[in-house]
Amino acid sequence: MSTPAAPGVRICLADDHTLMRDGLKEVLRTATGFTVVGEASTGTEAVVLVARLRPDVLLLDIEMPGPQASETIRHLARIAPETRVLVLTMHDDPDMVHKLLAAGASGYLLKSILRDELIAAVRSACQPSDSVVLVVSRRTVEQLHRQKPPPLKKQLTERELVLLRLVAEALSNAQIAARLFITEATVKRHLTNIYAKLDAVSRVDALRKATAAGLIGSERAGPTRDFLSVPVGDSGS
């Protein structure tokens, strides 16, 4: 049985090679419900494009003119946290995977990816989950498993851990406030403290780093073929 299409998935492409963007558009047009709404050829253009269009997904090449990819991703996480950034690259490098996921990317895909894998990766990125999408070699995945996350700036309090676990359940600030019998302003203050301690820029980034540090659990792993899709805790955002 085929996976139901994600309705109305709006996608932007950022790659400095026109031929690559054209190829991606042709692939994505075969997926029901996918629409390419914008294109950029530099990191700076990508930031402007996402700020204006607020797409669901940005497919981002990491070797373009402009800022470093990690800087671009951090900027995007601040101005458009609802946009999932999927890195698309030729580099099967565990250090680069770790760096860009830590910056806030929702996935890391090799350009040798198959058409169906690309479509599945975009669909997966649109799901309400704290997982990231990896399409890399098994060698890279094994190295990521062996890498240790960097130490936290400061340990979270028990109250902050409780709140973070509720964030992992995809509860809103209002729902968390009701669950803990506190105000939404208090929830926001706790989140601000959590972000500072984890050096995080968003909820997804905080969950990624907390999972990598073993503060909260990681619940699900994706399917495997020649490539592997793994939960955020295994990627070590």
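FYI, the numbering just counts along the sequence from 1. What you see is a predicted model; the values in this text were computed from it and never measured.
- Atoms CG and OG, from Leu207 and Ser202 in turn, are 8.5 Å apart once rounded to the nearest 0.5 Å.
- Considering every non-hydrogen atom in both Leu164 and Ala206, the closest pair reads CD1-CB, 4.4 Å.
- Residues Ala46 and Ala14 approach most closely at CB-CB, 3.9 Å, considering heavy atoms.
- Between Thr83 and Leu76 there is no side-chain heavy-atom pair separated by less than 4.5 Å.
- Looking at heavy atoms from C-beta onward, Tyr108 lies out of side-chain contact with His98 at the 4.5 angstrom threshold.
- Taking CD of Glu71 as the reference point, atom OG1 of Thr44 lies at 8.5 Å (rounded to 0.5 Å).
- No more than 12 heavy atoms of other residues, nucleotides or ligands lie within 6.0 Å of CD in Gln68, so this atom counts as exposed by the packing criterion.
- Not one N or O on the side chain of Glu169 forms a donor-acceptor pair closer than 3.5 Å with the backbone of Leu166.
- Legend: salt bridge (Lys or Arg N to Asp or Glu O under 4.0 Å) pairs involving residues 27-49, not counting sequence neighbours, sorted by first then second residue: Arg21-Glu39, Lys25-Glu39, Glu26-Arg29.
- Legend: residues meeting side chain to side chain contact (heavy atoms under 4.5 Å, CB included) with Lys111, ordered by chain and number and at least two apart, are Asp15, Met20, Asp61, Leu88, Met90.
- The existence of a salt bridge linking Lys209 and Asp205 is confirmed by a sub-4.0 Å separation between a basic side-chain nitrogen and an acidic carboxylate oxygen.
- Taking the side chain as every heavy atom from C-beta outward, Val57 and Cys12 never approach each other to under 4.5 Å.
- For the pair Gln175 (side chain) and Ser172 (backbone), a donor-acceptor distance under 3.5 Å is present.
- Residues Val85 and Val50 are not in side-chain contact: their nearest non-hydrogen atoms beyond the backbone lie 4.5 Å or more apart.
- The CG atom of Leu59 sits 13.5 Å away from atom CZ of Arg84, with the distance rounded to the nearest 0.5 Å.
- Expressed to the nearest 0.5 Å, how far CG of Leu58 lies from CG of Leu86 amounts to 8.0 Å.
- How far OG of Ser106 is from CG of Leu100: 12.0 Å, rounded to the nearest 0.5 Å.
- At least one donor-acceptor pair under 3.5 Å links the side chain of Asp56 to the backbone N or O of Arg10.
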Go through the steps for Val87 and Leu109 under the test side-chain contact (heavy atoms from CB on, under 4.5 Å), then give the verdict. CA-CA 6 Å; Val87 169; Leu109 317 175; over 6 Å; no

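- Looking at Thr157 and Asn193, their side chains never come closer than 4.5 Å, going by heavy atoms from C-beta outward.
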How far apart are the C-alpha atoms of Leu101 and Val97, what are their side-chain angles, what is the distance that settles it, and do they pass the side-chain contact (heavy atoms from CB on, under 4.5 Å) test? CA-CA 6 Å; Leu101 293 185; Val97 174; 3.8 Å; yes

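- Under a hydrophobic clustering in which Ile, Leu, Val, Met, Phe, Trp and Tyr are joined whenever their side-chain heavy atoms come within less than 4.5 Å, directly or via other members, Ile11 and Val37 fall into different clusters.
- Here the side chains of Met96 and Thr89 are not in contact, with every heavy-atom distance at 4.5 Å or above.
- There is a path of hydrophobic side-chain contacts, each under 4.5 Å, that joins Ile79 to Ile73.
- Inter-residue side-chain proximity for Gln155 and Lys197 is flagged as unmet; no heavy-atom pair is nearer than 4.5 Å.
- Applying the salt bridge (Lys or Arg N to Asp or Glu O under 4.0 Å) criterion to Asp116, with sequence neighbours excluded, gives no partner residue.
- A donor-acceptor distance shorter than 3.5 angstrom exists from the side chain of Thr192 to the backbone of Lys188, with no hydrogens or angles considered.
- The OG1 atom of Thr186 sits 4.5 Å away from atom CZ of Arg189, with the distance rounded to the nearest 0.5 Å.
- No chain of hydrophobic side-chain contacts below 4.5 Å, direct or via other Ile, Leu, Val, Met, Phe, Trp or Tyr residues, connects Leu60 to Val201.
- Arg165 is listed as a side-chain neighbour of Leu161, based on a closest heavy-atom distance under 4.5 Å.
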